[in-house]
Amino acid sequence: MSSLCPYCNGMTTLNLQCPQCGNRLFDGGRLDDYLGPYSPYRAIDDLKLTNGYPDLDRRLCVHQTYCESCGYRQEVQAEEWLT
Ligand SMILES: [Zn+2]
Ligand SMILES: [Zn+2]
């Protein structure tokens with residue numbers, strides 16, 4: 001069985017508000033994509049185990065969201081859909 005993240009795949013969008021200024025939070029993509037460039041020799045599964053989130057087991061995709069107005073950042077754990 002495989003799973004996919006509906007946010008990564010554009011099937012739905014995050015609808016979150018910035019707790020500081022009330023603007024809409026933008027979805028900056030997977031957290032792994034941020035960690036990736038700094039550790040180019042590590043496998044994706046290894047990254048998943050070491051970025052602090054057990055998202056392999058729980059099928060969560062961690063997204064980095066941000067507010068364009070005040071710079072607030074928040075990590076969101078998106079539940080992946082089973083296919
Ligand atoms: Zn995702
Ligand atoms: Zn804000």
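Excluded from the calculations below are hydrogen atoms, water molecules and symmetry mates; all remaining heavy atoms, backbone and side chain alike, are included. Everything quoted here is computed from the prediction, not taken from an experiment. First listed ligand is number 1; within each ligand, the first listed atom is number 1. Numbers here simply count residues along the sequence, with the first being 1.
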- Mind checking whether Tyr7 and His63 have parallel, tilted or perpendicular rings, split at 30° and 60°? perpendicular
- Item | Residue pair Thr65, Asp27: steps toward the side chain to side chain donor-acceptor pair (under 3.5 Å) verdict | CA-CA 5 Å; Thr65 65; Asp27 181 0; over 6 Å; no
- Of all heavy-atom pairs linking Gly28 and Tyr66, the shortest is CA-CE2, 3.8 Å
- Query: If you round to the nearest 0.5 Å, how far is CZ of Arg24 from SG of Cys67?
  - Reply: 11.5 Å
- Task: Rounded to the nearest 10 degrees, what's the angle SG of Cys21 makes with SG of Cys67 at the Zn ion (ligand 2)? Could you check?
- Result: 100°
- Task: Sort by chain and number the protein N/O/S atoms found under 2.8 Å from the Zn ion (ligand 1).
- Result: Cys5 SG, Cys8 SG, Cys61 SG, His63 NE2
- Message: Would the distance check show the side chain of Arg59 and the main-chain N or O of Ser2 forming a donor-acceptor pair, the cut-off being under 3.5 Å?
- Response: no
- Residues Leu82 and Ser3: closest non-hydrogen pair is CD2-CB, 4.0 Å
- Item | Atom pair CG/CH2 of Asn9 and Trp81 - distance to nearest 0.5 Å | 9.5 Å
- SG (Cys70) to the Zn ion (ligand 2) to SG (Cys18), nearest 10°, is 100°
